[in-house]
A.B. asks: 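The following block contains the structure, expressed as structure tokens.
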Amino acid sequence: MVFKPLSRKFYLRDSIQVARELIGKELVHSSSVGITSGVIVETEAYMGVTDPASHAFGGLRSKRTAVMYLPGGRAYIYLIYGMYNCMNVTAQKEGVPECVLIRALQPVRGIEIMQARRGLKNPESVINLTNGPGKLCQAMGIGADLYGADLCEKRLFVQEAEIFTDGEVGVSRRLNIGYAGSAQDFEWRFYLKGNPFVTKASF
DNA sequence: GACCGGATTGGC
DNA sequence: CCAATCCGGTCC
């Protein structure tokens, strides 16, 4: 099995472009219990300093946002609602804190590991493994220990998918950012049309 | 040092 | 529909 992380160059662009191009690529995590991976089918771009929905809005620098200011291509992982992790891919050149939230995956490798980590009652429900940002982090074993991980190395990375996922890329507003004012209307969410792992949205 | 709320989820 | 659960950000 040959792993080939995308180059740094892929990430050194604005997060909208990175978010769109991440659709259809494979996110891979090599952990002590084995390899898990999935095709990225839903993303959201967070445009940093000028984006009220971004954790780096206004140029905020903190322990949490620090990784976003490094050159793109690292994992920005944060705890949401005190219980779930969300994984972002950082984008842009050094000093420009943009990132892309991974909202859903279609499982490819290590599905049994994912099921064990998720601890679902009905294991036949594969859909529930990775159809949401918190769920996919749990299934993939992505936690705070991977904060800042370099995606150009081989522990946690993105590569070209070997399987073909058909369907075109849809665009919509981002979800659950009611606090973000007019930025709610920006269409910075990307998803694979018709894919069953994509979050059900009302628009 | 206190208080508030969230880029979510699963159970009732 | 709503509780879970805790960290970061804000304000005092």
Side-chain angles (χ1 to χ4, degrees), chain A residues 14-20 22-23 27 38 40-69 72 74-92 96-105 107 114-148 151 158 170-192 196-203:
Chain A
D14 74 75
S15 64
I16 295 173
Q17 204 168 350
V18 173
R20 184 185 290 109
L22 280 173
I23 299 295
L27 177 67
I40 298 168
V41 297
E42 183 179 356
T43 61
E44 283 177 354
Y46 286 83
M47 288 291 276
V49 176
T50 60
D51 178 5
S54 169
H55 294 160
F57 180 54
L60 181 68
R61 284 181 187 261
S62 67
K63 187 180 174 189
R64 185 170 72 154
T65 65
V67 70
M68 285 199 264
Y69 289 85
R74 287 177 182 273
Y76 165 46
I77 293 156
Y78 68 92
L79 186 67
I80 184 72
Y81 294 104
M83 33 186 6
Y84 300 105
N85 289 298
C86 287
M87 175 180 170
N88 294 253
V89 165
T90 66
Q92 276 285 15
V96 183
E98 297 181 14
C99 66
V100 177
L101 173 67
I102 309 297
R103 285 198 58 92
L105 300 176
M114 292 188 189
Q115 286 170 330
R117 286 180 177 141
R118 291 275 292 133
L120 298 176
K121 288 178 181 175
N122 51 339
E124 69 271 19
S125 175
V126 174
I127 286 290
N128 251 340
L129 289 179
T130 54
N131 63 340
K135 297 176 187 179
L136 74 89
C137 280
Q138 190 178 26
M140 293 282 291
I142 295 170
D145 56 314
L146 286 166
Y147 176 90
L151 304 179
V158 179
V171 180
S172 84
R173 298 160 73 185
R174 294 173 292 178
L175 306 181
N176 307 328
I177 52 164
Y179 56 87
S182 60
Q184 290 176 89
D185 297 329
F186 302 155
E187 298 199 314
W188 290 346
R189 170 174 173 259
F190 303 92
Y191 58 97
L192 202 53
F197 292 88
V198 171
T199 305
K200 306 289 180 281
S202 55
F203 49 88

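By convention in this document, chain letters (A, B, ...) are assigned in the order of the sequence lines, proteins followed by strands, and residues within each chain are numbered from 1.
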A.B. asks: Rounded to the nearest 0.5 Å, what's the gap from OG1 on T43(A) to OH on Y191(A)? Could you check?
C.D. replies: 11.5 Å

A.B. asks: In whole angstrom, give the distance that lies between atom CG of L136(A) and atom P of dA7(B).
C.D. replies: 16 Å

A.B. asks: By centroid distance (under 5.5 Å) and plane angle (under 30°), are Y179(A) and dG6(B) in a stacked arrangement?
C.D. replies: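 No, Y179(A) does not stack on the base of dG6(B).
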
A.B. asks: Could you tell me how far apart N128(A) (CG) and dT9(B) (P) are, to the nearest whole angstrom?
C.D. replies: 10 Å

A.B. asks: Considering only heavy atoms from C-beta outward, does the side chain of V18(A) approach that of Q92(A) to under 4.5 Å?
C.D. replies: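 Heavy-atom side-chain distance check fails, nothing below 4.5 Å.
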
A.B. asks: Sort out for me which residue in R174(A), K200(A), R103(A) forms a salt bridge (charged side-chain N to carboxylate O under 4.0 Å, His left out) with E42(A).
C.D. replies: R103(A)

A.B. asks: Can you tell me if R118(A) touches the phosphate of dG10(B), counting only side-chain N or O atoms and a distance under 4.0 Å to OP1 or OP2?
C.D. replies: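 For dG10(B), OP1 or OP2 has a side-chain N or O of R118(A) closer than 4.0 Å.
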
A.B. asks: When the distance from OH of Y81(A) to P of dG10(B) is rounded to whole Å, what number comes out?
C.D. replies: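 Going from OH in Y81(A) over to P in dG10(B) covers 14 Å.
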
A.B. asks: For DNA chain B, just give me the dot-bracket, please: Watson-Crick or G-U, both distances below 3.5 Å, ( ) intra-strand, [ ] crossing earlier pairs, | paired with another strand, . unpaired.
C.D. replies: ||||||.||||.

A.B. asks: Less than 4.0 angstrom between a side-chain N/O of N176(A) and OP1 or OP2 of dT8(B), yes or no?
C.D. replies: yes

A.B. asks: Less than 5.5 Å between centroids and less than 30° between ring planes, does Y84(A) satisfy that with dT8(B)?
C.D. replies: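 Stacking between Y84(A) and dT8(B): absent.
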
A.B. asks: Using whole Å, report how far CD of E44(A) lies from P of dA7(B).
C.D. replies: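 It is 10 Å, rounded to the nearest whole Å.
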
A.B. asks: Shortest non-hydrogen contact from A183(A) to D51(A)?
C.D. replies: CB-OD1, 4.0 Å

A.B. asks: In sequence, state the C-alpha distance, the side-chain angles, and the governing distance for H55(A) and Y78(A), and then conclude on ring pair (Phe, Tyr, Trp, His ring centres under 6.0 Å).
C.D. replies: CA-CA 10 Å; H55(A) 294 160; Y78(A) 68 92; 4.7 Å; yes

A.B. asks: Which residues satisfy the salt bridge (Lys or Arg N to Asp or Glu O under 4.0 Å) test with E98(A), sequence neighbours excluded?
C.D. replies: none

A.B. asks: So, does T65(A) use its side chain to make a donor-acceptor pair with the main chain of L60(A) at under 3.5 Å?
C.D. replies: yes

A.B. asks: How close or far is atom C1' of dG6(B) from atom CZ of F57(A), stated in whole angstroms?
C.D. replies: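 That distance rounds to 17 Å.
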
A.B. asks: Rounding to an integer number of Å, can you tell me how far K200(A) NZ sits from dT9(B) C1'?
C.D. replies: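 About 15 Å, once rounded to whole Å.
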
A.B. asks: Nearest whole angstrom, please: distance from the C1' of dA7(B) to the CE of M83(A).
C.D. replies: 16 Å

A.B. asks: Sub-3.5 Å donor-acceptor pair from the side chain of Q184(A) to the main-chain atoms of G181(A), do we have one?
C.D. replies: yes

A.B. asks: Going 5' to 3' along DNA chain C, which nucleotides are the first and last within contact of chain A (any atom under 4.0 Å from a heavy atom)?
C.D. replies: dA4(C) to dG9(C)

A.B. asks: If you look at every strand shown and take non-hydrogen atoms under 4.0 Å, does I80(A) touch a base, only sugar-phosphate, or nothing?
C.D. replies: sugar-phosphate

A.B. asks: Please give, in whole Å, the distance from dG6(B) P to N85(A) CG?
C.D. replies: 19 Å

A.B. asks: Is the shortest side-chain N/O distance from R189(A) to OP1 or OP2 of dA7(B) below 4.0 Å?
C.D. replies: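 R189(A) to dA7(B) OP1/OP2: no side-chain N or O under 4.0 Å.
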
A.B. asks: Compute both the distance and the angle, then confirm whether R74(A) meets the cation-pi test with Y147(A): under 6.0 Å from the six-membered ring centre, within 45 degrees of the axis.
C.D. replies: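 Judged by the rule (NZ or CZ under 6.0 Å from the ring centre, within 45° of its axis), R74(A) is not positioned above Y147(A).
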
A.B. asks: Reckon K63(A) touches a base, only the sugar-phosphate, or nothing at all at heavy-atom distances under 4.0 Å?
C.D. replies: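 Touches nothing.
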
A.B. asks: Within a strict 4.5 Å, meaning less than it, do heavy atoms of the I23(A) and V41(A) side chains meet?
C.D. replies: no

